[in-house]
Amino acid sequence: MPARSIEQVRNLCKRRGFVFPGSAAYGGLGSFWDYGPLGVEMLGNVKRAWWRDVVYKRDDVEGLDAAILMSRKVWQHSGHEATFSDPLVDNKKTGKRYRLDHLLEAQPQRVLGELLAHINFASMPLTKLVNIAPQSVGDVDYTMNPLGAIGHLAAMLIESRMHHVSTDRLVRWLAPILVVYPERELAINKAGVIDPSTQEVGEWTNPRNFNLMFQTHIGPVVRAAGSEEELAARAYLRPETAQGIFMNFAHVQRSLARKVPFGIAQVGKAFRNEITPGNFIFRTREFEQMEIEFFIKPPQFVREGEKNDAQWHDEWIKQRYEWWMGLGIDEARLRKREQSADELAHYSKRTVDLEYLFPEFGWGEVEGIANRTDYDLSAHSRDIPAEDLARLKLEPNADSVEKFDYFDPDAKARYIPWVIEPSAGATRAMLAFLCEAYHEELTKEPPTAEVDAIKAEIPAVIKNAQKKQKDAEKEADSAQRKHDPAAIEAFCAALEEAAARLPQSLLEIDALLSEHSGAQNLEPVKKLQPKVNKLAEDCARVVLKLHPALAPIKLAVFPLKKNKPELVDIARRIAQTYQPHFRTVYDDSAGIGRLYRRQDEVGTPWCVTVDFQTLEDNTVTVRERDSMQQQRISLEALREHFFTRLHV
RNA sequence: GCGGGUGUAGCUCAGUGGUAGAGCAUCACGUUGCCAACGUGAUGGUCGUGGGUUCGAGUCCCAUCACCCGCUCCA
């Protein structure tokens, strides 16, 4: 059974030195995390496992480590500066928050018309309108007259002649207007904008603009915000590592004389001013990515027998899926999910997400494999033909001095390659592997008397719960029900079934009693739960069943008794033998049983114990983490034993 | 930003207006021949912060800060 809650994993991480809250001495800084001695090992192992798989094992991928700070121009032309700023608005009544454009898209046309009618466009500064208004409406060119464009739109909407303008296009203009319009709060509320969650008119706050990229400035001089000097000096911390790869496409291709198809892999930090960080290290504002941009021929140059973009995409999806499985993720908790058209990023033709089933919050993306076409390399190139600009919805790039094209000796043609992008979260991967590896196991037979006492109390719990279930069923209006009868019924059934399997099911019962939020309020449960929990903790061990390649410590060496210098000496010597090759620790700070449990908890796959027999025949016990089995191995054979298992 | 929750020892948490507590962890000494052993002792606290009520506040009141969970986002 993997982790039941993120809380369990978070606690273990803090207690055992994987992950600590950041800036803790000053009360913490929301959702920034520091990686402790074991965390840095494990995260490093995740990254190494990935690098081995996508760089070392292949003939067609090279590595790269680009700068984190990149010119503002990169992010303007990649589209991030525009798309990473989302206006948000809250409904004070329901507490729901929406992206303004999503909210407007969910409105009936009538409300959008009302909204336009309530905006006095003449009161808005013309300079702002110029940036927002469409250049044409229908057949009429409004380049010189943005006010006219808005007025035209408003008139059409009010007269319900919507066939000229689709809702989503209209929303794209309306949303930015509502962010800068001085009386926007009034307008939204007067127009009666509806909350999609309740289908009732909401009580809305001011839409506020959010920029998801972290800004900084190159050079120590302080400049006025928004000034020309400030904009010129502005840089962003990369929100994805991918753009660093695109910037270096030509460098890598030329310096290593690479032919398409080939890929560039990069591991590194990325930064996003997430609106809602949370779920431990799942969504943080500083995180680490493992990304590949795999460059391939554009469809029109693909010849008979060669893979096209769709086939390369499928192949990478398969490859990456297998990587996760190979490191111990169970099939039941890893899935591929096709992104729907409306959630595709601005650069993507098709994206398939790999999602892990996390405890508590459920399916969460750990990797996205996107077909980015030739969008990015074109966006950063000058002299792109007009038809390609139109196809990719790009503006001509006058800032760039490069054209990221490639002469293909096979096709005898010059083209801008397409790209398949497998992009995984390294920090998320670590969390997924930790959740997957977390196990609680019964290691001792609980005393019969205590088990019987628990058994005896369970019927009372079930009876009490069933009474609550009947009460809930009496309440006809399901919205008024305090409890969900179906949930109670399921709880009772599970509890009854588990009770019959005591004592083996002790941990399941502990989980049942402490997890059902409704159950915790039952009086008999309040009495029973601490008893069960105590007994469960006494008779169980926590073990991280990590793949050895991911385990932060590979080997721990103990003397059976720490006050026997002859055992201590040998144990220390064994540890020192392996320390240069892989993470090995020596420990004698507790009794042998406790030492084993400590290593179980951090996922150390093997422990070596030096005992009195060692003095006679030079053998030690090697104890395996998952099975807890021991075997005697001679000191000479240890090297072979571990090196083959760890692929050193 | 809105709603909910939590702040007491390194960790997990008790604490009824009247001397600041437990378990675990840590350290010392003794004991201990393989799966969270035991005994004795010790270390460790501005009870998140600032005000107020009171003879007296961890506890009641007000304010404030931080973190956690949920809401958008998506590696």
Side-chain angles (χ1 to χ4, degrees), chain A residues 6-7 10-12 14-16 21 23-24 26-31 84 86-103 197 203-208 210 212 239-242 269-270 272-285 287-291 339 343 345 351 353-356 360-361 364-370 421-429 431-432 443-444 530 534 537-542 558-564 567 589-601 607 609-613 621 623 628-630:
Chain A
I6 295 292
E7 197 57 31
R10 187 219 309 274
N11 279 342
L12 183 130
K14 190 175 171 192
R15 206 172 61 243
R16 301 308 309 273
S23 307
Y26 292 96
L29 185 61
S31 281
F84 264 55
D86 301 319
L88 300 178
V89 60
D90 294 320
N91 182 358
K92 289 181 204 162
K93 261 197 232 165
T94 60
K96 295 266 181 209
R97 168 175 289 181
Y98 297 95
R99 253 174 70 170
L100 184 61
D101 52 345
H102 289 175
L103 178 67
S197 74
E203 192 183 317
W204 302 100
T205 63
N206 257 329
R208 292 173 311 273
F210 284 64
L212 266 38
E240 61 170 16
T241 59
K269 290 215 166 173
R272 294 180 192 174
N273 229 333
E274 295 285 352
I275 308 152
T276 313
N279 283 327
F280 192 33
I281 54 172
F282 181 77
R283 177 169 293 114
T284 51
R285 292 183 169 133
F287 61 105
E288 197 147 19
Q289 290 187 308
M290 308 185 289
E291 292 196 304
Q339 279 198 9
E343 63 179 319
T351 297
D353 288 341
L354 299 184
E355 297 184 327
Y356 177 73
E360 293 178 298
F361 65 90
E365 186 192 353
V366 289
E367 176 157 3
I369 301 140
E421 180 200 70
S423 166
T427 32
R428 279 186 183 181
L431 182 61
T443 50
K444 262 200 297 214
K534 174 87 170 45
E537 271 182 21
D538 286 350
C539 302
R541 69 164 181 163
V542 170
F558 316 132
L560 183 60
K561 286 168 63 65
K562 66 173 162 184
N563 53 1
K564 297 283 186 249
L567 300 187
S589 65
I592 191 73
R594 183 176 303 252
L595 293 177
Y596 285 145
R597 291 305 157 84
R598 278 188 195 158
Q599 295 301 326
D600 285 345
E601 215 180 17
C607 296
T609 300
V610 174
D611 58 17
F612 294 93
Q613 195 183 327
T621 51
R623 184 256 196 190
M628 298 198 288
Q629 296 294 307
Q630 306 189 39

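All chains are named by letter (A, B, ...) in the order of the sequence lines, taking the proteins before the strands, and each is independently numbered beginning at 1. This one's a predicted model, so the numbers in the text were calculated from it and none came from an experiment.
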Please produce a list of atom pairs where a protein N or O lies less than 3.5 Å from an N or O of nucleotides 33-35 of chain B.
from: B:G33; atom 1: OP2; to: A:Lys561; atom 2: NZ; distance (Å): 3.0
from: B:C34; atom 1: O2; to: A:Tyr596; atom 2: OH; distance (Å): 2.7
from: B:C34; atom 1: O2; to: A:Gln630; atom 2: OE1; distance (Å): 3.2
from: B:C34; atom 1: O2; to: A:Gln630; atom 2: NE2; distance (Å): 3.0
from: B:C34; atom 1: N3; to: A:Thr621; atom 2: OG1; distance (Å): 3.2
from: B:C34; atom 1: N3; to: A:Gln630; atom 2: OE1; distance (Å): 3.3
from: B:C34; atom 1: N4; to: A:Asp611; atom 2: OD2; distance (Å): 2.7
from: B:C34; atom 1: N4; to: A:Thr621; atom 2: OG1; distance (Å): 2.9
from: B:C35; atom 1: O3'; to: A:Arg597; atom 2: NH2; distance (Å): 3.4
from: B:C35; atom 1: O2'; to: A:Arg597; atom 2: NH2; distance (Å): 2.8
from: B:C35; atom 1: O2; to: A:Arg623; atom 2: NH2; distance (Å): 3.0
from: B:C35; atom 1: N3; to: A:Arg623; atom 2: NE; distance (Å): 3.0
from: B:C35; atom 1: N3; to: A:Arg623; atom 2: NH2; distance (Å): 3.4
from: B:C35; atom 1: N4; to: A:Met628; atom 2: O; distance (Å): 2.9
from: B:C35; atom 1: N4; to: A:Gln630; atom 2: NE2; distance (Å): 3.0

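Here the P atom of nucleotide B:C68 and the CZ atom of A:Phe280 are 11 Å apart, to the nearest Å. What separates CD of A:Glu274 from P of B:A75 is a distance of 9 Å, to the nearest Å. Atom CZ of A:Phe287 and atom P of B:C73 are 15 Å apart (whole Å). For A:Gln289 and B:C73, the CD to C1' distance is 14 Å, given to the nearest whole Å. Straight-line distance from the CZ atom of A:Arg285 to the P atom of B:A75: 17 Å, rounded to whole Å. Look at CD1 on A:Ile369: it is 17 Å from P on B:C74, rounded to the nearest Å. Atoms CG (A:Leu595) and P (B:U32) sit 18 Å apart, rounded to a whole Å. The distance between atom CZ of A:Phe361 and atom C1' of B:C71, rounded to the nearest whole Å, is 16 Å.
A:Phe558 comes within contact range of no nucleotide atom at all, as no heavy-atom separation falls under 4.0 Å. Counting any heavy atom pair closer than 4.0 Å across all strands shown, A:Ser589 reaches no nucleic acid atom. Nucleic acid contact for A:Tyr356: none, since no nucleic acid atom lies under 4.0 Å from a heavy atom of the residue. Using a 4.0 Å heavy-atom cutoff across all strands shown, A:Gly368 reaches sugar-phosphate atoms only and no base atom. Residue A:Arg10 is classed as a sugar-phosphate contact, given heavy-atom separations below 4.0 Å to backbone atoms only. Nucleic acid contact for A:Ala242: none, since no nucleic acid atom lies under 4.0 Å from a heavy atom of the residue. Heavy atoms of A:Glu367 sit under 4.0 angstrom from primed sugar atoms or phosphate atoms, though from no base atom. Here A:Glu365 lies in heavy-atom contact (under 4.0 Å) with a base.
Rounded to whole Å, the separation between the C1' atoms of B:G3 and B:C74 comes to 24 Å. Taking atom P on both nucleotides, B:A14 is separated from B:U6 by 10 Å, rounded to a whole Å. Spacing between B:U12 and B:G30 at atom C1', rounded to whole Å, works out to 30 Å. B:U19 and B:G45: their C1' atoms are spaced 15 Å apart (whole Å). The same atom, P, is picked in B:G50 and in B:G15; the two are 25 Å apart, to the nearest Å. A distance of about 8 Å separates the P atoms of B:C60 and B:G17, rounded to the whole Å. Nucleotides B:C13 and B:G58 have their C1' atoms positioned 14 Å apart, rounded to a whole Å. Look at the P atom in both B:U16 and B:G48: the space between them is 15 Å, to the nearest Å.
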For nucleotides 7-12 of chain B, just jot down a letter per nucleotide in 5' to 3' order: B, S or -, based on protein non-hydrogen atoms under 4.0 Å. ----SS
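Scored by the side-chain contact (heavy atoms from CB on, under 4.5 Å) test, A:Arg285 finds A:Phe32, A:Phe214, A:Asn273, A:Glu274, A:Pro277 as partners (sequence neighbours excluded). Take A:Gln630 and apply the side-chain contact (heavy atoms from CB on, under 4.5 Å) test, not counting sequence neighbours, and it matches A:Tyr596, A:Thr621, A:Arg623. For the side-chain contact (heavy atoms from CB on, under 4.5 Å) test, residues two or more places apart in sequence or in another chain that qualify with A:Ala242 are A:Glu240, A:Phe246, A:Glu291, A:Glu293, A:Arg372, A:Glu421. By the side chain to side chain donor-acceptor pair (under 3.5 Å) test, A:Arg598 pairs with A:Ser589, sequence neighbours left out.
In this structure, B:C11 and B:G23 make a Watson-Crick or G-U wobble pair, each of the two defining distances being under 3.5 angstrom. Applying the Watson-Crick and G-U wobble criteria (two distances, each under 3.5 Å), B:U40 pairs with B:A28. Summarising the base pairing, B:G33 is matched to no nucleotide, lacking a Watson-Crick or G-U wobble pair whose two defining distances lie under 3.5 Å. The partner of B:U46 cannot be assigned: no Watson-Crick or G-U wobble pair with both contacts below 3.5 Å exists in any strand. Pairing for B:G70 is with B:C2, a Watson-Crick or G-U wobble pair whose two hydrogen-bonding atom distances lie under 3.5 Å. Figure legend. B:G58 is base-paired to no nucleotide; pairs are counted as Watson-Crick or G-U wobble with both atom distances under 3.5 Å.
The main-chain N or O of A:Leu212 is never found under 3.5 Å from a side-chain atom of A:Arg272 such that the two would form a donor-acceptor pair. Between the side chain of A:Glu365 and the backbone N or O of A:Asp353 there is no donor-acceptor pair closer than 3.5 Å.
In terms of heavy atoms, A:Ala432 sits closest to A:Val366 at CB-CG1, 4.3 Å. Pairing each heavy atom of A:Glu367 with each of A:Pro422, the nearest pair is OE2-CB, 3.5 Å. Across A:Met290 and A:Ala429, no two heavy atoms sit closer than the pair CE-CB, 4.5 Å.
A heavy-atom distance below 4.5 Å is found between the side chains of A:Arg283 and A:Arg428. A:Phe612 is listed as a side-chain neighbour of A:Leu567, based on a closest heavy-atom distance under 4.5 Å. Using a 4.5 Å cut-off on side-chain heavy atoms (C-beta onward), A:Pro559 and A:Lys564 make no contact.
The side chain of A:Arg598 sits closest to B:U26 out of B:U26, B:C68, B:A36. Picking from B:C73, B:C68, B:A36 the nucleotide with the shortest atom distance to the side chain of A:Arg283 gives B:C73.
A:Asn279 has a side-chain polar atom (N or O) that falls below the 4.0 Å cut-off from OP1 or OP2 of B:G70. The phosphate of B:C73 (OP1 or OP2) has no side-chain N or O of A:Arg272 nearer than 4.0 angstrom.
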